[in-house]
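Index from 1, following the sequence. Only this structure's heavy atoms are used, side chains among them; waters, hydrogens and symmetry mates stay out.
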Amino acid sequence: MLDSRLPPSGCVMNRQSKNAQRIAEALAKHPKIKRLIYPSLFTDAEQVRIRDAQTDYPGSLMSLEVQGGKTGAF
């Protein structure tokens, strides 16, 4: 019964990845963001190859550096 009510994990990961992609793209354009790390935004060919070989979805985690460091963030 529980199994019929939950969406498949692939569907959930796909939606999370799409939402994270939109957020990452918007943050990457923000003037106070110095660097944003998100798998679907990789530009290095080797990083892209590794990502494509290891996963179907880039996930929902990202990392960023803010201009001005800690004081710039707050």
Side-chain angles (χ1 to χ4, degrees):
M1 186 166 157
L2 182 63
D3 189 37
S4 66
R5 294 184 183 176
L6 295 175
S9 62
C11 183
V12 172
M13 284 300 297
N14 185 12
R15 177 56 59 198
Q16 285 179 345
S17 295
K18 286 181 179 182
N19 288 339
Q21 174 77 31
R22 290 183 193 119
I23 293 168
E25 288 172 355
L27 284 173
K29 296 175 187 174
H30 194 282
K32 286 197 170 191
I33 301 298
K34 181 178 178 180
R35 180 177 177 214
L36 186 116
I37 302 167
Y38 183 69
S40 68
L41 299 181
F42 288 157
T43 55
D44 180 62
E46 184 65 9
Q47 289 177 326
V48 172
R49 184 192 67 76
I50 292 169
R51 178 200 66 211
D52 292 343
Q54 292 181 350
T55 185
D56 293 331
Y57 305 106
S60 58
L61 296 177
M62 64 189 78
S63 179
L64 55 92
E65 292 180 34
V66 178
Q67 292 284 357
K70 188 175 181 179
T71 56
F74 298 100

Item to check | Heavy-atom pair with the smallest gap, counting every atom of Arg49 and Glu46 | outcome: NH2-OE2, 2.7 Å
Checklist outcome for this item: Note: Met62 and Ile23 closest approach over all heavy atoms is CE-CG2, 4.1 Å
Item to check | From Lys32 atom NZ to Leu64 atom CG, the distance as rounded to the nearest 0.5 Å | outcome: 13.0 Å
Next on the checklist: Checking Arg15 now: which residues fulfil salt bridge (charged side-chain N to carboxylate O under 4.0 Å, His left out) with it, not counting sequence neighbours?
Outcome noted: none
Item to check | Euclidean distance, Arg35 CZ relative to Leu41 CG, rounded to 0.5 Å | outcome: 12.0 Å
Checklist outcome for this item: Here the gap from Thr55 atom OG1 to Met13 atom CE, rounded to the nearest 0.5 Å, amounts to 6.5 Å
Checklist outcome for this item: All heavy atoms of Arg51 vs all of Pro39, minimum pair found to be NH1-O, 2.6 Å
Checklist entry - Can you check side-chain contact (heavy atoms from CB on, under 4.5 Å) on Phe42 and Ile37, steps first, answer last? => result CA-CA 8 Å; Phe42 288 157; Ile37 302 167; 4.1 Å; yes
Checklist entry - Looking only at heavy atoms, what is the nearest atom pair of Gly59 and Tyr38, with distance? => result O-OH, 2.5 Å
Next on the checklist: For the OG atom of Ser17 and the CZ atom of Arg22, what is their distance to the nearest 0.5 Å?
Outcome noted: 11.0 Å
